[in-house]
Asker: 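One structure coming up, written as structure tokens, with questions to follow.
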Amino acid sequence: MAAGTAAARHLSSATSPSSPRFSRNSRSAVPFSLKVFLKQHPSLRLCASRRLLPCTPAAAASSASGPSAASGDVFLFNDKPREECGVFGIIGEPEAANMCYLGLHALQHRGQEGAGIVTSDGAALHSHTGLGLVSEVFPQASSLKQLVGSAGIGHNRYSTSGAASALANVQPFVAGYRFGQLSVAHNGNLVNSQSLRYDLESKGSIFSTSSDTEVILHLIATSSSRPLLARIIEACGSLEGSYSLLILTADKLFAVRDPHGFRPLVMGRRPNGAIVFASETCALDLISAEYVRDVNPGELVVVDSHDMSINTACLLPQKPRKACVFEHIYFALPNSVVFGHPVHESRYKFGAALARESPVPGADMVIPVPDSGFFAALGYAEASGLPFRQGLIRSHYVGRSFIEPNQDERNLAVKLKLAPIDGILEGKSVVVIDDSIVRGTTSSKIVQLIKNAGKAREVHLRIASPPMVGSCYYGVDTPSAEELISNRLNVEGVRQEIGSDSLAFLSLESLKGAFEDDATMFCDACFTRKYPVLPRQHTVLNMVEE
């Protein structure tokens with residue numbers, strides 16, 4: 001498609017026909033039989049993960065208010081897809097716990113609700129988990145000293161499955177079974193977890209968390225295959241969806257990636273020979289580990305602590321690669337290499353393509369919405385010939401849990417997070433570059449902040465990704481389709497609601513073009529609703545014991 005056509009499709013400052021509206025999201029549809037059951041049992045309610053919970057007044061209020069009210073910081077500049085999780089593992093390192101701690105620090109942007117580390121001393125596993133940031137879970141050196149051993153795995157959590165603030169859901173999980181102990185750290189989301197869980201419970205399994213990761217532990221433990229490698233392969237054969245897994249035993253470290261390769265997982269090597277696995281290469285850089293390669297989609301890598309031998313196995317027949325494109329749009333740090341592409345280069349290309357598709361004649365400058373809009377804004381500025389300015393300053397010291405979800409404090413949240421520099425913006429026509437628009441609530445506040453506090457003459461919003469019209473089922477926490485502003489409104493409707501003088505999104509063709517020959521390996525379901533793996537609905541029967 002020519003750039004002019006793409007720009008015409010995505011650029012809007014005048015009325016245009018409304019886009020299709022979707023009144024239902026298939027993920028939220030409740031089977032009729034379950035509706036009948038709920039009517040017959042008013043003491044139960046159906047939560048977001050389709051589990052039945054007691055309907056107490058507090059629970060009902062929580063359910064009615066949804067995740068926005070349950071998470072205190074959700075309106076604190078959080079009109080974005082929420083990060084999934086970060087995993088880190090190392091074996092053959094005398095200071096394994098310290099390395100895990102540093103690795104989790106490097107991956108802190110991928111999850112801030114909880115963190116944990118599990119280590120192995122060759123005979124037993126040692127665990128420490130907690131709610132909060134890595135520095136809060138491990139506030140003193142003494143909290144790491146108890147984690148002895150030369151192998152370990154760590155996890156930063158943002159919940160996409162399970163109760164957000166439950167300590168029991170903080171990974172890595174540790175379980176004992178008939179052949180010893182094992183621990184699992186999981187980045188991703190299983191679309192068939194509820195069906196698997198029901199089947200396991202019907203056979204006698206007892207679950208202690210609401211996380212889909214515990215399903216993986218049960219599948220491994222209940223498998224009749226031998227050895228453990230075969231049990232892991234058999235368990236993964238039942239999984240549908242996205243998973244990058246690290247599994248630790250007394251003497252081995254396993255790394256597994258789902259056959260589509262939705263979530264990233266890389267392997268590195270320390271100067272002392274220790275083998276490292278991490279969600280992003282930025283974690284390797286911090287501990288002076290050299291990048292070796294990505295764990296391939298559908299691959300299981302096992303490292304033995306006795307001789308540091310590395311062996312690999314194939315989980316399933318190869319499936320089409322569908323790496324999450326939002327890693328490059330928003331999630332990953334710009335100094336990481338994800339799916340074989342430097343993140344900062346991808347974002348620069350997005351911005352440059354956006355400038356060619358959707359220029360703003362007469363604009364005075366380009367400014368980014370920090371921090372993820374920085375490199376796209378730099379690309380836009382250089383491609384358009386406009387000066388790049390840092391017109392918004394971001395505060396990195398705003399707490400994550402004190403903002404209550406009432407309207408006045410929602411408005412205050414953006415002002416606490418961002419401050420305009422009126423000496424730069426006053427009287428100017430400004431091109432503002434952001435990475436994405438989800439609900440549109442934060443975007444409208446940023447536009448008003450630049451216009452009112454920054455005193456800009458015009459605000460032209462440019463988004464370095466296509467309009468988001470579909471929810472993600474593969475480990476990214478996105479609102480339901482009904483809440484996505486671009487699913488409800490066309491581009492002009494979004495512009496009017498946000499209040500910018502003009503609005504344009506990057507075309508899907510240009511987004512893919514930034515990856516050249518690798519364009520087809522990325523999942524773009526949030527922009528196209530073409531889901532590589534559809535979520536499975538499971539009607540639960542016999543939920544009340546007779």
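A quick note: this is a predicted structure, and the numbers were derived from the prediction, not measured.
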Asker: Is the backbone of T441 close enough, under 3.5 Å, to the side chain of S444 for a donor and an acceptor to pair up by distance?
Answerer: yes
Asker: Short question: side chain of N490, backbone of G493 - any donor-acceptor pair under 3.5 Å?
Answerer: yes
Asker: Can you see which heavy atom on K451 is nearest to which on G499, and at what distance?
Answerer: NZ-O, 3.4 Å
Asker: For the pair H341 and S346, evaluate side chain to side chain contact (heavy atoms under 4.5 Å, CB included) and give the outcome as yes or no after the intermediate values.
Answerer: CA-CA 7 Å; H341 292 263; S346 299; 4.1 Å; yes
Asker: Is a side-chain N or O of E136 found less than 3.5 angstrom from the main chain of L133, in a donor-acceptor match?
Answerer: yes
Asker: Do F88 and V276 come close enough that some side-chain heavy atom pair is under 4.5 Å?
Answerer: yes
Asker: Please confirm whether the backbone N or O of G86 pairs with a side-chain atom of N156, one donor and one acceptor, at under 3.5 Å?
Answerer: no
Asker: Is D435 close to I463 at the side-chain level, that is, under 4.5 Å between some pair of heavy atoms?
Answerer: no
Asker: Return the CD to CG distance between E95 and L147, rounded to the nearest 0.5 Å.
Answerer: 11.5 Å
Asker: Closest heavy-atom contact between S244 and P264?
Answerer: OG-O, 3.4 Å
Asker: Heavy atoms, side chains only, cut-off 4.5 Å: are C324 and E327 in contact?
Answerer: yes
Asker: How many angstroms lie between CD1 in I433 and CG in L461, if you round to the nearest 0.5 Å?
Answerer: 8.0 Å
Asker: With a 4.5 Å heavy-atom cut-off, do L144 and I117 have their side chains touching?
Answerer: yes
Asker: Which heavy atom in S372 sits nearest to a heavy atom in Y330, and how many Å separate them?
Answerer: OG-CD1, 3.5 Å
Asker: For E497, which residues count as a salt bridge (charged side-chain N to carboxylate O under 4.0 Å, His left out) partner, sequence neighbours excluded?
Answerer: R488
Asker: Considering only residues two or more places apart or on different chains, which pairs with a residue in residues 282-297 satisfy salt bridge (charged side-chain N to carboxylate O under 4.0 Å, His left out)?
Answerer: R293-E299
Asker: If you measure from OG on S429 to CG on D501, what distance do you get to the nearest 0.5 Å?
Answerer: 7.5 Å
Asker: Show every salt bridge (charged side-chain N to carboxylate O under 4.0 Å, His left out) that has at least one partner inside residues 373-382, sequence neighbours left out.
Answerer: none
Asker: Hey, are H460 and S502 close enough side-chain-wise for a donor-acceptor pair under 3.5 Å?
Answerer: yes
Asker: Looking only at atom types and distance, does a side-chain atom of H328 sit under 3.5 Å from a main-chain N or O of V338, one as donor and one as acceptor?
Answerer: yes
Asker: What ring pair (Phe, Tyr, Trp, His ring centres under 6.0 Å) pairs are there with at least one residue in residues 360-379, not counting sequence neighbours?
Answerer: H344-F375, F374-F388
Asker: Once rounded to the nearest 0.5 Å, what's the spacing between atom CG of N487 and atom CZ of R529?
Answerer: 5.0 Å
Asker: Please report the closest heavy-atom contact between F350 and L506, naming both atoms and the distance.
Answerer: O-CD1, 3.7 Å
Asker: Enter the distance from T129:OG1 to L167:CG here, rounded to the nearest 0.5 Å.
Answerer: 5.0 Å
Asker: Quick one: do R462 and D434 make a salt bridge, cutoff under 4.0 Å?
Answerer: no
Asker: Using side-chain heavy atoms (C-beta onward) and a distance below 4.5 Å, is P320 in contact with H260?
Answerer: yes
Asker: Is it true that a side-chain atom of R157 and a backbone atom of G114 form a donor plus acceptor pair closer than 3.5 Å?
Answerer: no
Asker: Using modelled atom types and a 3.5 Å cut-off, is there a donor and acceptor pairing between side-chain atoms of R347 and backbone atoms of A376?
Answerer: no
Asker: For S465 and F527, which heavy atoms make the closest approach, and how far apart are they?
Answerer: CB-CZ, 4.1 Å
Asker: Is D258 salt-bridged to R263, cutoff N-O under 4.0 Å?
Answerer: no
Asker: May I ask you to decide if Y243's main-chain N or O and N187's side chain share a donor-acceptor pair within less than 3.5 Å?
Answerer: no
Asker: Can a side-chain donor-acceptor contact be found between Q112 and Q108 if the only test is distance below 3.5 angstrom?
Answerer: no
Asker: Does S143 reach the main-chain N or O of Q140 with its side chain, forming a donor-acceptor pair under 3.5 Å?
Answerer: yes
Asker: Answer yes if the side chains of T209 and S211 hold a donor-acceptor pair under 3.5 Å, and no otherwise.
Answerer: no
Asker: With side chain to side chain contact (heavy atoms under 4.5 Å, CB included) as the criterion, how do I437 and I485 come out once you've worked through the C-alpha distance, each side chain's angles and the decisive distance to 0.1 Å?
Answerer: CA-CA 8 Å; I437 296 179; I485 191 170; 3.7 Å; yes
Asker: Kindly assign one of parallel, tilted or perpendicular to the pair F138 and Y101, based on the angle between their ring planes and the thresholds 30° and 60°.
Answerer: perpendicular
Asker: Should F339 and F515 count as side-chain neighbours, where that means a heavy-atom distance under 4.5 Å?
Answerer: no
Asker: Using the rule given for side chain to side chain contact (heavy atoms under 4.5 Å, CB included), can you reason through R270 versus I287, listing the C-alpha separation, both sets of side-chain angles and the distance that settles it, and then say yes or no?
Answerer: CA-CA 8 Å; R270 291 254 300 152; I287 63 168; 3.9 Å; yes
Asker: Kindly indicate whether the side chain of P172, heavy atoms from C-beta on, has any atom under 4.5 Å from the side chain of V184.
Answerer: no
Asker: Does anything in residues 274-283 pair up under side-chain hydrogen bond (donor to acceptor under 3.5 Å, both in side chains), and if so which pairs, sequence neighbours excluded?
Answerer: H109-E280, R110-E280, E280-S336
Asker: Quick check: does any side chain N or O of E483 sit under 3.5 Å from a backbone N or O of S480, one acting as donor and the other as acceptor?
Answerer: yes
Asker: Please test D524 against K530 for salt bridge (Lys or Arg N to Asp or Glu O under 4.0 Å), starting from the C-alpha separation and ending with a verdict.
Answerer: CA-CA 7 Å; D524 56 17; K530 296 178 181 178; over 6 Å; no
Asker: Which atoms form the tightest heavy-atom contact between G188 and D212, and what is the distance?
Answerer: O-OD2, 4.4 Å
Asker: Between SG of C282 and NE2 of H105, what distance do you get to the nearest 0.5 Å?
Answerer: 13.0 Å
Asker: As a quick check of understanding, evaluate side chain to side chain contact (heavy atoms under 4.5 Å, CB included) for I367 and L392, giving each step before the final call.
Answerer: CA-CA 7 Å; I367 69 169; L392 292 170; 4.2 Å; yes
Asker: Are the side chains of L425 and I450 in touch, meaning some heavy atoms are under 4.5 Å apart?
Answerer: yes
Asker: List for me each residue that meets salt bridge (charged side-chain N to carboxylate O under 4.0 Å, His left out) alongside R389, sequence neighbours excluded, and say none if there are none.
Answerer: none
Asker: Should we say atom CZ of R269 is surrounded by more than 12 heavy atoms from elsewhere, each under 6.0 Å from it?
Answerer: no
